[in-house]
Amino acid sequence: MNSTHKTKNSARLFDAAKKVLPGGVNSPVRAFQAVGGTPLFIREARGAELRDADGNRYIDFVGSWGPMILGHAPSRVVSAIKARSAKGTSYGAPTELETELAEKIISAFPSMEKIRFVSSGTEAAMTALRLSRARTGRDKIVKFAGCYHGHSDALLVKAGSGAATLGIPDSAGVPRAVASDTIVLPYNDLAAAEKFFKDAGETVAAVIVEPVAANMGLVPPVAGFLEGLRALTKQYGALLIFDEVITGFRLAYGGAQTLFKIEPDLTCLGKIIGGGLPVGAVGGRKDIMELLAPLGPVYQAGTLSGNPLAMAAGLMTLEILDDMNPYKKMEAATEKLCGQILAFAQWLKIPVQVPQIGSMFTVFFSDAAVYARFFHALLEHGVYFPPSQFEVCFVSAAHNPIILKKALKAITQSLERTSHA
Ligand code: KE4
């Protein structure tokens, strides 16, 4: 319990940040606008714990939005970064590290024959769309409401009126012309996808989907949805892109596609493969990937793509995951925690849903205002959940039974506080 839960240093730092950074942050969700209050400025982190600028300590269930599957500052990853940085931080020239990390990822993802590293999940998804359009000669892209694939124009689009009408911009600055090439359908609704493809399947370059939706809170795929998309895209000559930026090396060492036994044509990766440093990747069949410059006509580039520090951090992270194989243990721990949260909430007669898959879960309340109250109660009890109802919580390999017991106590106390509010 953070006894006084002082946040005066974070408040001071936030005021200074707001003078030079729009909203005081470099990514909107960090600003706490969805839950209110002052965002915590983090000073350091180790294992499952964060420490903020006021010295408050938290058990962390955000994990930097997914990358920190081993917990914060795992010693072998930190040593790999330190050792590599002593040899220089970026050359703008090829290194063997890129080949090693590519080989490691390709050995885990049978659907991938080649891979291109970039610096973010956004770049990965943007490149996957460009490759799909080049490979098929078509322009239309299908995405699903509530799924997020980064902030490139073609993917900041929301459903137009009526399911099959063309998308409209979901952000200022996105031209209608760009948005109109993106169709937004309801997630988990295979019938809507079948209807759209029957009408316009030959115009579709690709379907991009989060195989487990994690950007509207956790929404697992219903049986047959992903299999149906695979069949539809094959039938109409469109590509299937799995956005595994979150699920890649999270749900299983080979991601959701290994778990669900579905082979997409392209896969987007990020987060975990960089071990906390900036990395994204797009990988897939050779006939698609070899369209990329310098081999083919699809241009794509990046000053820091394949950065040696990021490669070293990613490589060490995957080596540890491959050796440790923590997935079953993390899943069992997460399942147990979610069962306990649900049982306690039901005992308090608080309507919640707690969907969980692998080491990911969301505690859904009746409305976002209730979630906000729960979020702040958790902070006072030393637990850090995502500052938005529409994100997911992550359990890492560093969340041992003692830490999870402590977290459960804080969560139950926070639920009681929420029920009395
Ligand atoms: P980045 O460009 O943020 O590295 O990746 C974009 C992206 C792509 N695909 C999926 C499935 C993603 O979840 C993301 C980014 N995830 C968000 C949180 N859900 C990042 C947090 C943030 O925007 O600050």
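Counting starts at 1 for both ligands and their atoms, following the listed order. Not measured: the values here are computed from a predicted model.
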Can you name the atoms of ligand 1, numbered from 1 with element, that are less than 4.0 Å from a heavy atom of [X]?
| X | value |
| --- | --- |
| Lys271 | 15 (C), 16 (N), 17 (C), 20 (C) |
| Gly150 | 6 (C), 7 (C), 8 (C) |
| His149 | 8 (C), 9 (N) |
| Ser120 | 2 (O), 4 (O) |
| Ile246 | 13 (O) |
| Ser27 | 22 (C), 23 (O), 24 (O) |

For ligand 1, indicate whether the residue [X] contacts it via side chain, backbone, both or neither (heavy-atom separation under 4.0 Å).
| X | answer |
| --- | --- |
| Glu123 | neither |
| Glu210 | side chain |
| Arg30 | neither |
| Asn215 | side chain |

Hey, does Trp65 come in under 3.5 Å of ligand 1, counting only N/O atoms on both sides?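 It does not: no N or O of Trp65 is found under 3.5 Å from an N or O of ligand 1.
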
For Phe14, does the six-membered ring have the charged nitrogen or CZ of Lys18 within the cation-pi criterion, i.e. under 6.0 angstrom from the centroid and within 45° of the normal?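 Yes, Lys18 lies over the aromatic ring of Phe14.
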
